[in-house]
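All remarks here apply to the structure that follows.
Below, chains carry the letters A, B, ... as their sequence lines are ordered, and counting in each starts from 1. All heavy atoms count here, side chains included; hydrogens, waters and symmetry mates do not.
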2 protein chains.
Amino acid sequence: MPQQKSEHIPRATIQRLAVYVQVLENLQREGTEVISSEPLAKACNVNASQIRKDLAYFGEFGVRGVGYYVKNLIASITSALGVDREWRTVLVGVGNLGKALLNHKEFRLRGFNIVGAFDCDPFKIGEEVSGLEVVCTKRLREMIGDNGAEIGIITTPPERAQRAANHLVEAGINGILNFAPSRITVPDHVNVEYVDFFHHLYALSFNITHPNTK
Amino acid sequence: MPQQKSEHIPRATIQRLAVYVQVLENLQREGTEVISSEPLAKACNVNASQIRKDLAYFGEFGVRGVGYYVKNLIASITSALGVDREWRTVLVGVGNLGKALLNHKEFRLRGFNIVGAFDCDPFKIGEEVSGLEVVCTKRLREMIGDNGAEIGIITTPPERAQRAANHLVEAGINGILNFAPSRITVPDHVNVEYVDFFHHLYALSFNITHPNTK
DNA sequence: CCAAATTTGTGAAATAATTCTCATAAGTTA
DNA sequence: TAACTTATGAGAATTATTTCACAAATTTGG
């Protein structure tokens, strides 16, 4: 139902939509059923017309004179983002972080099922982590043929991230979440998102060091 | 030495500077000593003049006809970001994620020392994690008076994040890294950065679902 | 049932960020 | 040392994003 009307949607809009969902879910947990763009904006730390414009890319979800029904709006946004379904994912790099993610229940809860764990270390292959047997990274293609995963999660050391990405791309994945602290190069049709909280610490460091530039 | 010349610096520039450092460090590890903006841009997936403009906010670091000396440029950028020093941090919320971060060696390596661990759960108080004794969150102010931390890391459940933030602000912290999946409200002088990799998974989901809008 | 009060959705205006272009400086070679 | 090559730095042009302002839609109260 929420079909986007217009051509190009700013990346920043997508990031904010994720924030809106987060805040709306917390509001819902606290019992709020209806909210207008003004207080929602305050909670999200953005401008109210920003919210309305962001939503307008996908349709009309509000009621004039009333606001937005929280439950409805969550459904509309998650549908717009495509997260109202199950996404099958595989993880490459079963180190400390990889294991922590494999054991993280939230993934399944949010619809991102980890259905495969891969590593190139012979000592790790065969090990069982969170109900999954660790498989050699070279077998990615064959395994994905079976389990139909679409998203790959990279948790290798930086120097092995590009190789992991190559294997994932070859196996037909079209989205990569890269936790390794290095940039990877992939074909145009593959989407990459980087997670590195040191980047955020750097931003804090800068902002604290230069309070005037805020 | 790298003193920023101009008034306002885009947030996006700061984020990119962190990426440049990451890529430059990997280049350095591989033995590259000099690089020009063009190949650096390719490795960072940005435009070359973007890099030159970003750097220009802070000074002139390149040599015309040559490029940038990798080691030098890393030093210049880290200095501009203020990460060429030690930052003392405290962590609030000693759950799974909190413990994982406390045990993460990279923090110290990158100059972000975790010097205090706090939790409001009586069962956790007194426990030792990675050489730190877990202290009651109410004692944040007194402890920060002693250890002089400037950055707080929140790893509580979402419903306790705001309270943790309040305690941190009261204790005089001026930067917060929030891993809890909820937005927090703080005074203007306090900087907040949010880390939530589900937001990135949402972005992947959207981009895979709407390949045309890329 | 109408008038007042809300609050959305949207085009226009204002701001901000990115990319282009080129003069200038540094290095290299003969 | 002069001509040639390379690549930076900075202003101009372009493109993108955010904010404003208001008409249209809806509810509420008398």
Tell me whether the rings of A:Phe107 and B:Phe198 are parallel (<30°), tilted (30 to 60°) or perpendicular (>60°). tilted

Please determine whether a side-chain nitrogen or oxygen atom of B:Arg16 lies at a distance below 4.0 Å from atom OP1 or OP2 of C:dT18. yes

Can you tell me how far P of D:dG9 sits from OH of B:Tyr57, to the nearest Å? 15 Å

Give every residue pair that meets the salt bridge (charged side-chain N to carboxylate O under 4.0 Å, His left out) criterion with at least one member in residues 192-202 of chain A, sequence neighbours excluded. A:Arg11-A:Glu193

Between the two end axes of the helix from C:dC1-D:dG30 to C:dA30-D:dT1, each built from 5 base pairs, what angle do you get to the nearest 10°? 10°

Main-chain N/O of B:Ile9 paired to B:Thr13 side chain as donor or acceptor, under 3.5 Å: no

What is the distance, to the nearest angstrom, from the CG atom on A:Leu73 to the P atom on C:dT7? 15 Å

Counting N and O atoms only, with roles assigned by atom type, does the side chain of A:Trp87 sit under 3.5 Å from a partner on the main chain of A:Gly82, one being a donor and the other an acceptor? yes

Assign the ring pair A:Phe206 / A:His210 to parallel, tilted or perpendicular, where the plane angle (0 to 90°) is split at 30° and 60°. tilted

What's the CD1-P distance between B:Ile14 and C:dT18, to the nearest Å? 12 Å

Apply side-chain contact (heavy atoms from CB on, under 4.5 Å) to the pair B:Ile151 and B:Val90, showing each step before the final yes or no. CA-CA 7 Å; B:Ile151 293 177; B:Val90 292; over 6 Å; no

Looking at B:Arg52, does any N or O in its side chain come under 4.0 Å of the phosphate oxygens OP1/OP2 on D:dT8? yes

Write down the distance between CD (B:Glu60) and P (D:dA7), rounded to a whole number of angstrom. 18 Å

Contacts satisfying salt bridge (charged side-chain N to carboxylate O under 4.0 Å, His left out) that involve residues 162-180 of chain A (not counting sequence neighbours) are A:Arg141-A:Glu170

Can you pull out the residues from residues 34-51 of chain B that lie within a 4.0 Å heavy-atom distance of DNA chain C? B:Asn47, B:Ser49, B:Gln50

Whole-Å distance separating the CZ atom of B:Phe61 from the C1' atom of C:dA26: 18 Å

Let me know the distance between CG of A:Asp54 and C1' of C:dT8, rounded to the nearest Å. 14 Å

What string of B, S and - do you get for nucleotides 25-30 of chain D, 5' to 3', if B is base contact, S is sugar-phosphate-only contact and - is no contact with any protein heavy atom under 4.0 Å? BBS---

Is a side-chain donor or acceptor of B:Asn72 paired with a backbone partner of B:Ser76 at a separation under 3.5 angstrom? no

Once you round it to whole Å, what is the distance between C1' of C:dT15 and CZ of B:Arg11? 18 Å

For D:dT17 and A:His8 - does any side-chain N or O of the residue sit under 4.0 Å from the phosphate oxygens OP1/OP2? yes

Starting at the 5' end of DNA chain D, which residue's closest nucleotide do you reach first, B:Lys53 or A:Lys53? B:Lys53

Taking the side chain from A:Thr155 and the backbone from A:Phe179, do they hold a donor-acceptor pair closer than 3.5 Å? no

Minimum-distance nucleotide to B:Pro10 side chain [options: D:dG9, C:dA17, D:dT17]: C:dA17

So does B:Ile184 get a backbone contact from the side chain of B:Tyr194, meaning a donor-acceptor N/O pair under 3.5 Å? yes

Checking the side chain of A:Thr78 only, and the main-chain atoms of A:Ile74 only, is there a donor and an acceptor separated by less than 3.5 Å? yes

Can you give the donor-acceptor pairs under 3.5 Å from side chains of residues 109-120 of chain B to other protein atoms, not counting sequence neighbours?
| residue | atom | partner | partner atom | Å |
| --- | --- | --- | --- | --- |
| B:Arg110 | NE | B:Glu106 | OE2 | 3.3 |
| B:Arg110 | NH1 | A:Tyr202 | OH | 2.9 |
| B:Arg110 | NH1 | B:Glu25 | OE1 | 3.2 |
| B:Arg110 | NH2 | B:Glu25 | OE1 | 3.1 |
| B:Asn113 | OD1 | B:Arg108 | NE | 2.5 |
| B:Asn113 | OD1 | B:Arg108 | NH2 | 2.9 |
| B:Asn113 | ND2 | B:Glu86 | OE2 | 2.4 |
| B:Asp119 | OD1 | B:Asp121 | N | 2.9 |
| B:Asp119 | OD2 | B:Val94 | N | 2.7 |

